[in-house]
Q: 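I'd like to ask you about the structure that follows.
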Amino acid sequence: MLDKIWARHAILERPDGETLLYVDRHLIHDGYQPAFEFLEERGLPVRFPQQVFATPDHYVPTDERRVAGIRSAERRGMVENLVAKSREYGITLFELDDLRQGIVHVIGPEQGISQPGMTIVCADSHTSTHGALGALAFGVGMTQAAQVLATQTLWQRKPKSMRISVEGELGFGVTAKDIILAIIRRIGAAGAVGHVIEYGGSAIRALSIEGRLTVCNMSIEAGARAGMIAPDQTTFDYIAGKPFAPKGEAWAPAVQRWTETASDPGAVFDREIVLDAADIAPMVTWGTSLEDVVPIDGHIPDPANAKTVEDRERMTKALDYMGLVPGTPLSQVAIDRVFIGSCTNGRIEDLRAAAAMLGGRKVQSGVEAWVVPGSGLVKQQAESEGLDVIFRDAGFQWREAGCSLCLGTNGETVSSGQRCASTSNRNFVGRQGRGARTHLLSPQMAAVAAVTGRLTDIRGGY
Amino acid sequence: MKPFGTVSGVAVPIEGENVDTDQILPARFLPKPRNGGFGQYLFHDIRFDDSGTEKPDFILNRPAFRGASVLIGEANFGCGSSRENAVWAIADYGIRAVIAPSFGDIFYSNNIKNGVLPVVLTKDDVARLIEDQLHEPGQPVTVNLQEQTVTAGNRVYHFKIDEFSRHCLLHGIDELDYTLSQLDAIDAFAARRAAEEGWPAQAPRTASASDDGANI
């Protein structure tokens, strides 16, 4: 699949082996000011603005929908710049007060902007998300993004290919989030550097598109350039009728092309990994790297058992930052905050799954729990199903769409020393705020942690 | 962009695998203006305490490593977020070359775009370099892009880099000019691609402004 999409977008090749790749869709956000400045310095226009789609997400508050209401002048400036430049260059823009606004990786699929067989880039590492629809989608730096605005192309060396097959059926309480966390546990945080991962196998095929988006989203956390899943009937059913999807007479030939995008049965990959779905338990991270992840029924690992001196030092440092004692059962780790949202788990199925776990119970006293929908449309849909009422009645804050607590660029953070059960994608030191302690898990696990006040195995009685 | 020839100076080892760009540049500094100097934010939260005072135990604050112009990291250095600001922090601090056994993909490319040379050496070579620097802090390390060598004391390490990146770094240019010279081929490809996908034909914009905002 990588070979096919690559070949279809290769304009020319340089003698050193780099390919000038054509970019079908460029998604942009409110961090693009440096890219627009780059264009202005060079006196260059946005060459193909119809292929660019913009929405503010990183710097927007989730308790306010007016740009003028953004208290920090720096952050407000970033949002205003995106709005002004999108208008100036004729770029399609979903503004803050537009229901279609949201996290760029949520709205691409939601609007039908992201389609199979496409090349999609964005100056954000989680662009790998869109690969769930059968696209080659990856994050780029801001200078590269500026060059894509100016030329709609990008120089790239073709990555290696890796197939990760997850076979069999997932157990009770095990989600797409647990699949990708289990994969990273197996191959490591650098396990896929230089590779594009194609996920396959019956457990992946059985996932909804939203589950597939969660898996592909975190490909970068294993170091992969991109993650992708072959388009199938599930994909076509998802895309059909979306605002920017092919319509009418254009639909059948599009499906034909998309079908041909999938890897041929005998396709050869540079690396192959197979996981048994039945072996995957609900997962939770304990440390400060994505590979610091264990099943929820496990214990905080002991550095004394580390394989090397370096590993021991690193684990000790991580445990110190996390304020955890080796050997503690994960189910005894008390939490202060809960965050349900992000480009990893901020879609409607995530919110439904989390709400379904609440069963009329209340958020544990002393725990501050937030739901931040991935887009205005996700929020609207959730409200039409009454999910907001379920969350609010339980004691959750029901907020507006944005990246929010995943990385805190909008000023919303987890305080130093606070422990947060989070459905986002990174548990790095200081990721959710200086001194913040992050445990990554699925939306279901996050919802239950909110009511029990501790990390909890959702498969048992709680 | 400053051409890269040879850099010789203090090399600071940053120990630990998977050092992510959130460590190199914490997210709250992302909206700072580019010309404000990002060097002050480099490794901010490990370099300074909550009151903004230097933490004496952080290696970059030790007198021998201050003002380093070379950084030595471990495997998967610069993983995580694509933020180019992390490289701005490195470059603005005065670091011109980053040596590691492997890099986060986007971080690697961001270095080249900002005139910072990413050097890949074997894990053993990097381990030895780090050990030597810790043992003899401040011993100058020389990175020569023309020769593709790293010299520390009497040891010489050889590295590889793709020819085009080397050319860009040596001459202080980015690849955009070369890409712009291919615009005819790009426009023809764009037209073909639109036909293939059944997208409406679009003429490439050649002026820098347009008044037909598509705020739909």
Side-chain angles (χ1 to χ4, degrees), chain A residues 11-12 14 16 18 20 22 24 31 34 37 42-50 59 74-75 77-78 86-93 95 123-125 139-144 147 150-153 155 189-190 193-194 223 225 246 250 253-254 289 314 407-409 426 428-431 434, chain B residues 16-18 20 22-23 26-28 30-34 45-46 50 75-76 79-85 87 102-107 109-110 113-114 162-164 174-176 179-180 182-183 185-186 189-190 193 196-200 202 204-210 212-216:
Chain A
I11 302 173
L12 50 100
R14 236 164 36 198
D16 65 347
E18 291 228 352
L20 185 63
Y22 189 71
D24 290 326
E37 283 170 1
R42 306 274 182 132
L44 293 165
V46 174
R47 198 158 182 86
F48 293 108
Q50 282 163 270
Y59 295 101
E74 275 172 354
R75 293 184 203 120
M78 298 299 263
S86 297
R87 288 193 181 134
E88 178 183 338
Y89 292 113
I91 292 166
T92 303
L93 168 69
E95 286 194 70
D124 188 278
S125 58
V140 296
M142 201 50 81
T143 304
Q144 285 179 311
Q147 301 192 8
T151 68
Q152 206 60 36
T153 66
W155 289 102
V193 167
R225 196 80 192 88
S289 164
R314 206 191 65 70
L407 79 169
T409 34
R426 285 186 178 136
F428 298 164
V429 169
R431 171 76 177 180
R434 188 168 188 172
Chain B
E17 294 189 352
N18 302 320
D20 55 74
D22 276 79
Q23 304 315 303
R28 65 183 179 281
L30 290 175
K32 297 286 177 196
R34 174 67 192 97
D45 291 354
I46 14 184
D50 288 344
N76 204 22
C79 63
S81 160
S82 61
R83 61 189 66 165
E84 196 157 322
N85 318 55
V87 176
S102 60
F103 290 94
D105 284 332
I106 307 173
F107 177 82
S109 146
N110 283 342
K113 304 279 182 289
N114 288 277
D162 75 87
E163 199 39 52
F164 193 82
D174 63 39
E175 60 194 14
L176 182 60
T179 314
L180 289 172
Q182 306 295 328
L183 276 180
I186 292 170
F189 194 95
R193 186 78 193 114
E196 218 171 69
E197 292 283 325
W199 297 335
Q202 52 175 336
R205 296 284 164 91
T206 49
S208 63
S210 135
D212 59 350
N215 184 17
I216 58 173

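Letters A, B, ... are given to chains in the order of the sequence lines, protein chains preceding strands, and every chain is numbered from 1.
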Q: Name the region of A:A250, side chain, backbone, both or neither, that has any atom closer than 4.5 Å to a heavy atom of chain B.
A: neither

Q: Using modelled atom types and a 3.5 Å cut-off, is there a donor and acceptor pairing between side-chain atoms of B:D20 and backbone atoms of A:F428?
A: no

Q: Which answer fits B:Q182, side chain, backbone, both or neither, if we ask what part of it has an atom under 4.5 Å from a heavy atom of chain A?
A: side chain

Q: Taking every non-hydrogen pair under 4.5 Å, which of A:G223, A:P246, A:G194 racks up the most with chain B?
A: A:G194

Q: So which part of B:Q23 gets closer than 4.5 Å to some heavy atom of chain A, the side chain, the backbone, both or neither?
A: side chain

Q: Looking at A:Y89, does the NZ or CZ of B:R205 lie under 6.0 angstrom from its six-membered ring centre and within 45 degrees of the ring axis?
A: no

Q: In terms of heavy-atom proximity below 4.5 Å to chain A, should B:D45 be classed as side chain, backbone, both, or neither?
A: both

Q: Could you walk me through whether B:L176 and A:T151 pass side-chain contact (heavy atoms from CB on, under 4.5 Å), step by step?
A: CA-CA 9 Å; B:L176 182 60; A:T151 68; 4.0 Å; yes

Q: Counting heavy-atom pairs under 4.5 Å to chain A, which of B:N110, B:I46, B:L183 comes out on top?
A: B:L183

Q: Against chain B, label A:T143 side chain, backbone, both or neither, depending on which of its atoms sit under 4.5 Å from a heavy atom there.
A: both

Q: State, to 0.1 Å, how close A:R314 and A:S289 come at their nearest heavy-atom pair, and which atoms those are.
A: NH1-CB, 4.0 Å

Q: Go through A:E95 and A:R87 one step at a time and tell me if the salt bridge (charged side-chain N to carboxylate O under 4.0 Å, His left out) criterion holds.
A: CA-CA 11 Å; A:E95 286 194 70; A:R87 288 193 181 134; 2.7 Å; yes

Q: Could you check if a side-chain atom of B:K113 sits within less than 4.5 angstrom of a side-chain atom of A:V140, using non-hydrogen atoms only?
A: no

Q: Between B:K32, B:E197, B:R28, B:R34, who has the most heavy-atom pairs with chain A when the cutoff is under 4.5 Å?
A: B:E197

Q: Could you check which of A:G77, A:P34, A:G31, A:A190 has the highest count of heavy-atom pairs closer than 4.5 Å to chain B?
A: A:A190

Q: Is the backbone N or O of A:M142 less than 3.5 Å from a side-chain atom of B:E84, with the two atoms forming a donor-acceptor pair by type?
A: yes

Q: With only heavy atoms counted, which part of A:Q50 is less than 4.5 Å from chain B, the side chain, the backbone, both or neither?
A: both

Q: Does any heavy atom of chain B fall under 4.5 Å from the side chain of A:V429, the backbone, both, or neither of them?
A: both

Q: Taking the side chain as every heavy atom from C-beta outward, state whether B:F164 and A:E18 have any pair of such atoms under 4.5 Å apart.
A: no

Q: Using only heavy-atom distances, determine whether the side chains of B:S109 and A:Q144 contain a donor-acceptor pair under 3.5 Å.
A: yes

Q: Side chain from CB out, backbone as N, CA, C, O: work out which of these in B:F107 comes under 4.5 Å of a heavy atom of chain A, or both, or neither.
A: neither

Q: If I measure from the heavy atoms of chain B, does A:L20 come under 4.5 Å with its side chain, its backbone, both, or neither?
A: side chain

Q: So what's closer than 4.5 Å to chain A heavy atoms on B:D174: side chain, backbone, both or neither?
A: side chain

Q: Between A:M78, A:Q152, A:R225, A:R75, which has the largest tally of heavy atom pairs under 4.5 Å with chain B?
A: A:R225

Q: Please answer whether the main-chain N or O of B:A27 pairs with a side-chain N or O of B:D22 as donor and acceptor at a distance below 3.5 Å.
A: no

Q: Tell me if a side-chain donor or acceptor on B:R193 pairs with a main-chain N or O of A:D24 at a distance below 3.5 Å.
A: no

Q: Below 4.5 Å, heavy-atom pairs only: which of B:A75, B:P26, B:G80, B:C79 has the largest tally toward chain A?
A: B:G80

Q: Heavy-atom cut-off 4.5 Å, strictly under: side chain, backbone, both or neither for A:R47 against chain B?
A: both

Q: Which label fits B:F189 and A:Y22: parallel for a plane angle under 30°, tilted from 30 to 60°, or perpendicular past 60°?
A: tilted

Q: What option among B:S102, B:A190, B:P200 has the most heavy-atom pairs under 4.5 Å with chain A?
A: B:A190

Q: Between B:V87, B:D162, B:L180, which shows the greatest number of heavy-atom pairs under 4.5 Å with chain A?
A: B:D162

Q: Decide side chain to side chain donor-acceptor pair (under 3.5 Å) for A:R426 and A:S125; before the verdict, give the C-alpha distance in whole Å, the side-chain angles of both, and the deciding distance to 0.1 Å.
A: CA-CA 12 Å; A:R426 285 186 178 136; A:S125 58; 2.9 Å; yes

Q: In terms of heavy-atom proximity below 4.5 Å to chain A, should B:P204 be classed as side chain, backbone, both, or neither?
A: both

Q: For A:T153, is it the side chain, the backbone, both or neither that has a heavy atom under 4.5 Å from a heavy atom of chain B?
A: side chain

